[in-house]
Amino acid sequence: MPKRLKVTLTVILISFCLSIYFVNRSESFFLYVLIFLISLCYAIIIIFKMVIFKGYYSEESIKKRKELKLLKKQENLKRKQEGAKQKQEFKKLKEEKKKEEKRRKEENKQKWLEQKAKEKAERERIKMEKEAEKQRIERERKAQEQKKINEVWSDISEIPQFPEKTLNFLKKNYSLKEIQGMLGRGEKIQGIGPGMSDAILRVMRNKSF
């Protein structure tokens, strides 16, 4: 006997007993009578279905339906578990993708910093090379200038009757530029007369000093 039929017959019996107990005593009589009639109709419908659809209400059919219901429940649970697993995998892939993007950004940033460092180093190298070249040219210029100064002093020392004492005095107290300026302006220098002054200026002109 189906469970629903058992429950319905129990309701019919209880409502019938209660309706007899409360007959003409309380308004609840009508309520229990109504429950009795509805339950009776429902029981008749169930019994009618059991007669017409014998296979549906057989023990084997009920068992199969229970098994099918259990199988569906298990399948639903399996689908939920698979869905949760897929969701977890998707979340894992998303996190891995995020980590990969972060790693690529860090690599790109590091490459950019390295490139900037190389460019800066290259600029510094070029700057140092230019500075070194500038210093080399300056040294060469000074060397050439010193060479010319030495040549001028050498030619001055070879002027006839030019005292060595006067030459040493000039080297110690004046530069060639100062001597050239003073003699050019007609100023007197100790130990140098007009003839010697002209000779010194002539030496300087010959050396393009």
Side-chain angles (χ1 to χ4, degrees), residues 1-140:
M1 182 182 295
K3 186 177 180 180
R4 69 178 69 181
L5 182 58
K6 292 179 180 178
V7 173
T8 305
L9 292 176
T10 303
V11 171
I12 290 172
L13 181 61
I14 293 171
S15 59
F16 179 74
C17 293
L18 290 172
S19 62
I20 293 174
Y21 178 78
F22 288 109
V23 61
N24 295 327
R25 295 183 185 180
S26 172
E27 293 180 356
S28 300
F29 166 75
F30 297 102
L31 175 62
Y32 291 117
V33 170
L34 181 62
I35 294 172
F36 170 76
L37 293 175
I38 293 173
S39 302
L40 182 62
C41 293
Y42 186 64
I44 292 171
I45 292 171
I46 293 173
I47 294 169
F48 178 77
K49 285 183 177 181
M50 289 177 63
V51 173
I52 301 299
F53 306 102
K54 292 181 180 180
Y56 183 80
Y57 289 98
S58 63
E59 293 293 331
E60 185 178 355
S61 178
I62 293 171
K63 185 179 179 181
K64 285 183 178 180
R65 287 198 300 274
K66 287 181 178 180
E67 290 176 353
L68 183 61
K69 186 177 181 180
L70 180 61
L71 182 61
K72 286 182 178 180
K73 187 176 180 180
Q74 290 175 349
E75 287 178 352
N76 289 333
L77 181 61
K78 187 177 179 181
R79 280 197 296 270
K80 286 181 180 179
Q81 290 175 346
E82 289 178 352
K85 186 178 179 181
Q86 290 177 356
K87 187 177 180 180
Q88 190 68 23
E89 290 177 353
F90 177 76
K91 185 178 179 181
K92 186 178 179 181
L93 289 172
K94 189 176 180 180
E95 289 177 354
E96 289 177 354
K97 185 178 179 181
K98 189 175 180 180
K99 289 180 180 178
E100 182 65 19
E101 288 178 354
K102 185 177 180 181
R103 185 185 65 81
R104 281 201 301 268
K105 286 182 179 179
E106 290 293 331
E107 287 182 353
N108 293 335
K109 184 179 179 180
Q110 187 64 29
K111 289 179 180 178
W112 181 79
L113 291 174
E114 290 176 357
Q115 183 64 27
K116 286 293 180 182
K118 287 181 180 178
E119 292 175 357
K120 184 178 180 180
E122 184 65 16
R123 288 194 299 270
E124 290 293 330
R125 184 187 66 80
I126 294 172
K127 184 179 178 181
M128 290 177 66
E129 287 180 354
K130 288 182 178 180
E131 187 65 26
E133 181 66 16
K134 184 178 178 181
Q135 291 177 0
R136 184 186 65 79
I137 293 171
E138 184 64 19
R139 284 195 301 269
E140 290 180 355

Next item on the list: Starting at NZ of Lys63, measure out to CG of Leu68 and round the result to the nearest 0.5 Å.
Entry: 14.0 Å
Next item on the list: Going by the side-chain contact (heavy atoms from CB on, under 4.5 Å) test, name the single residue among Glu114, Lys116, Gln115 that passes it with Trp112.
Entry: Lys116
Notebook entry, point to check: Got a sec, which residues hit side-chain hydrogen bond (donor to acceptor under 3.5 Å, both in side chains) with Glu138, two or more places apart in sequence or on another chain?
Noted result: Arg141
Item checked: Rounded distance [0.5 Å steps], CD1 in Ile12 versus SG in Cys17 -> 11.5 Å
Next item on the list: Nearest 0.5 Å please: distance from the CG atom of Asn108 over to the CD atom of Glu106.
Entry: 9.5 Å
Cut-off 3.5 Å, no hydrogens considered: what does the side-chain donor-acceptor table look like for residues 125-135, sequence neighbours left out?
{"residue": "Arg125", "atom": "NE", "partner": "Glu122", "partner atom": "OE1", "Å": "3.3"}
{"residue": "Arg125", "atom": "NH1", "partner": "Glu129", "partner atom": "OE1", "Å": "3.2"}
{"residue": "Arg125", "atom": "NH1", "partner": "Glu129", "partner atom": "OE2", "Å": "2.3"}
{"residue": "Arg125", "atom": "NH2", "partner": "Glu122", "partner atom": "OE2", "Å": "2.4"}
{"residue": "Glu133", "atom": "OE1", "partner": "Arg136", "partner atom": "NE", "Å": "3.1"}
{"residue": "Glu133", "atom": "OE1", "partner": "Arg136", "partner atom": "NH2", "Å": "3.4"}
{"residue": "Glu133", "atom": "OE2", "partner": "Arg136", "partner atom": "NH2", "Å": "2.3"}

Check: CD1/Ile14 to OG1/Thr10 distance, rounded to the nearest 0.5 angstrom?
Finding: 6.0 Å
Checklist line | Interatomic spacing from CD1 in Ile45 to CG in Leu40 - rounded to 0.5 Å | finding: 10.0 Å
Next item on the list: Report the C-alpha distance between Lys105 and Lys102 in whole Å, list the side-chain angles of each, state the deciding distance to 0.1 Å, and finish with yes or no for side-chain contact (heavy atoms from CB on, under 4.5 Å).
Entry: CA-CA 5 Å; Lys105 286 182 179 179; Lys102 185 177 180 181; 5.6 Å; no
Next item on the list: Provide the full list of salt bridge (Lys or Arg N to Asp or Glu O under 4.0 Å) pairs with a residue in residues 76-101, sequence neighbours left out, each pair given once.
Entry: Glu100-Arg103, Glu100-Arg104
